[in-house]
Structure formats: C-alpha cells, structure tokens
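From a predicted model like this one, the values you see are computed outputs, not experimental measurements. Both counts, for ligands and for their atoms, begin at 1 and track the order of listing.
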Amino acid sequence: MNGDLHRPTLWIDPRAIAQNIAIARSRSAAEVIAVVKANGYGLGTLTLARAALGGGATQLGTTDLGEAVTLREAGVRAPILTWLNASGVDAAAAAEHQIAVAIGSLEELNALLIQHSVAPVTVHLHLDVGMCREGASPLDWPALFESAARAQRQNKIRIGGLMGHLAQADRAEPELNDQAVQAMLAAKARASVLGLGRLKLHLAATAATLTDPSTHFDMVRFGAGLAGIDPSGRTDLAAAARLTAPVVHSVWASEGTSVGYGGMYRSTHDGYLSVLPLGYADGIPREISTDASVQIAGRRHRVVGRVSMDQIIIDTGPHRYARGTRATIFGAAASGAPTLAEWASWAQSIAHTIICTIGPRVIRSVQ
Ligand SMILES: *Cc1c(COP(=O)(O)O)cnc(C)c1O
C-alpha cells in the first residue's frame, strides 16, 4: 500500500495547453505571445513555454529579464518580450540573449541608453491606455516617441512594437475596450509620422483575445488562457492542470467531535475523517468557505475545519479510505473533480490566485 503513496502532485497536460492555443488562434488571426510569468502560472515556466510553442504560439512574454534568461538558458530560441524590470533593464543581458523589453518612460529609456550593449536592444514602447498601472501616460508620449526615434536612428535601440494593456482585461465587453483601442491607433499614427518603421501593436490579454477582435492588432498576449482560465468566464478552455494528494490518515469520529484548529468545525454525524498532506503553505487558501470539496474515488467530499499550514481534513462520511488513496483537489470539469473556478469561488478570489500559489513542495509532473 505504501508503494502507492505519492506526494502531492500538480499534473500538467501539454495537450490541454496546445488545445487552448488552438482556441485562441481560432478566435484571432494575430500572432500569439504566450505569457509564462509567475512560474508559468504555477505550472512551471519552461513547461508552459514549451507546450505553448508546441501548440502554435510564436513568442513568449515574461514579466522580467530574469525569467526570460532562464528560458534562454534552457535552450528556448523563440522571441521573448519582458515588461517590468524593477531595477531597470540590464542592456547587456537583453542584447546578449536577444530579449525585447517594454519601456514605459523617458527615464527608463535614458537608463537603458547610457548602458553599453554589444547590439541594439529591441524595445517595445509601453503605453498607458487607461489602466494607470503601467506604461507612459499620453502626455508623455511625444517626448518618449521622439527620444526613442532618435535612439533608433543612432542604432542604439530597435523599436519593435507598441504595447498597451486593457484595464478591463478580465471582461468580455468590447465597448469597455474602445478607448484603449483608439489610444493604440493614435500611438500608431504618431509612430508612423516619426518614421519609426513597421511596428507590432499588442493590447489584448486572454479575455480580449477570446472575445474582442477589435483589440487583436498584430499580436495578443495570452497567459491565463494557456492554463485553461478564461477570466471573462465565457469560453470553456481545457484544464491544463490537476492537483492530487494521497490520503495519509483516516480516523473515525463520532457526532459532535471538534475537528481541526480552534474546533471551528464540530462533526454533524458519525463517520470517517481523512487527512490530505496539503495546506495553505501549498496554496490551499485558508479563507475557503465551508462548501469546498475534493474528489476521492469519484465522490465529492467536503473539506472540514480550518486549513492548516500543511494539512486539510476531509469529511469522508461512511467511507474509510486506505492510506495512499489519491484525492483530486482540482481537475477537469468532465472528471467530476472540483475545478479551479470552484476553488476560486470558495476562496472568494480568481482562478489565477489558486493556480499561481501552488507551493514549491508540490511536485510538477508533465504527462
Ligand atoms: C499577465 C499579463 C498578460 C496576460 O494576461 P492574462 O489575462 O493572464 O492572459 C498580458 N499582458 C500583461 C502586461 C500582463 O501583465
């Protein structure tokens, strides 16, 4: 029996990732930049990148250069774009590894230009089109565009694109995107007046890729969708990950027994309680409602009591499961297991936070 005892494992399905890219490509003629930030939405940066490229994505996107360099060092040759380098862009690293960087202010551009690099760094001008989180605000566009044009003429940088991000990135209401689309068109016109050359425009993330063609331009940045998450909840994507853990302990508890930290739950019936070796340190949200459940042997069973750091307790009622029996915490809807979306609602959060916070102790296994 102990031979069956596996460790908590996140099973990753590259075919599902490829299928999600195929869905994106059926909705948009634009090139797909597969966004593989946050440890590849929890699935592993390299795993997600390889599966996405295999499925038809032509470029990769990461938050910073460090993530991009890791991909290069693993042998990934596809174009990569990064958009948030907290301590500034390391021009030498960007040039050496041929990694494009989004630049969202004159200050950032100047900090790049004073560095020495063996070759011009490819820059995407990062524009605030309504989110107020990132990119240059429209008032600053003239100075940024002119300095960038000058630097390109001096062969210090190569301007590859114009990037915006939708404030309503999780909505499926095209009219909410209209102002951002107009801002991108205005930026494109400005770039063309300055003779910046043929630039790639990109604005859409997953939800807009799936629902709003007016935002697609030349490329779309598709991240959550790779993992099977449509933030707008409109499209059924393929679940790319399944989280399992073995039952490590099963006890009989009679009605009225207080269960877990603080006795937050008192059992309402006689029955078995089974313990799974996963807790909030592994990404099981401590805030889950009393509806949360897992699947064991095809049945749904409720999580009871407080989520501990490393363990959760499951009310398995009349069923005594042997040590090593595999429980599914989340998986594909068709399997009857809870989905990421259900966990998100139990935690009053979004599916992204569930998948991105699966801890490092959980084994990633590519199937
Ligand atoms: C995370 C991110 C994306 C991807 O968003 P999803 O909704 O996960 O597809 C795209 N662009 C930027 C700038 C991002 O930070």
Is Arg133 in contact with ligand 1, taking contact as a heavy-atom separation below 4.0 Å? yes
With rounding to the nearest 0.5 angstrom, report the CG to CE distance, Leu199 to Met163. 14.5 Å
Closest protein heavy atom (residue, atom, distance) for atom 8 (O) of ligand 1: Tyr41 OH, 2.6 Å
Quick check: are there more than 12 heavy atoms from other residues, nucleotides or ligands sitting under 6.0 Å from CD of Gln348? no
Tell me the protein heavy atom at minimum distance from atom 9 (O) of ligand 1, and give that distance in Å. Thr206 OG1, 2.5 Å
N or O contact, Gly225 vs ligand 1, cut-off under 3.5 Å: no
Is Glu134 close to ligand 1, meaning an N/O of one under 3.5 Å from an N/O of the other? no
What residue and heavy atom of the protein are closest to atom 5 (O) of ligand 1, and at what distance? Ala205 CB, 3.4 Å
Any Arg364 side-chain heavy atom under 4.5 Å of Ile12 side chain: yes
Heavy atoms only: give me the nearest Thr257-Ser254 pair and the separation to one decimal. OG1-O, 2.5 Å
Among all protein heavy atoms, pick the one closest to atom 1 (C) of ligand 1 and tell me residue, atom and distance. Lys37 NZ, 1.4 Å
Within the 4.0 Å heavy-atom shell around Ala224, which atoms of ligand 1 are there? 6 (P), 8 (O), 9 (O)
Going by the closest heavy atom to atom 12 (C) of ligand 1, which one wins out of His165, His202, His352? His165
Which residue owns the protein heavy atom closest to atom 11 (N) of ligand 1, what's the atom, and how far is it? Arg221 NE, 2.8 Å
Other residues, nucleotides and ligands only: do more than 12 of their heavy atoms fall within 6.0 Å of CE on Met309? no
Whether His352 and Tyr41 hold their rings parallel, tilted or perpendicular, with breakpoints at 30° and 60°: tilted
Atoms of ligand 1 under 4.0 Å from any heavy atom of Met163, numbered from 1 in the order shown, are 13 (C)
Considering residues, nucleotides and ligands other than Arg25, do more than 12 of their heavy atoms fall under 6.0 Å from its CZ? no
Roughly how far, to the nearest 0.5 Å, is CG of Asp236 from CD1 of Ile23? 8.5 Å
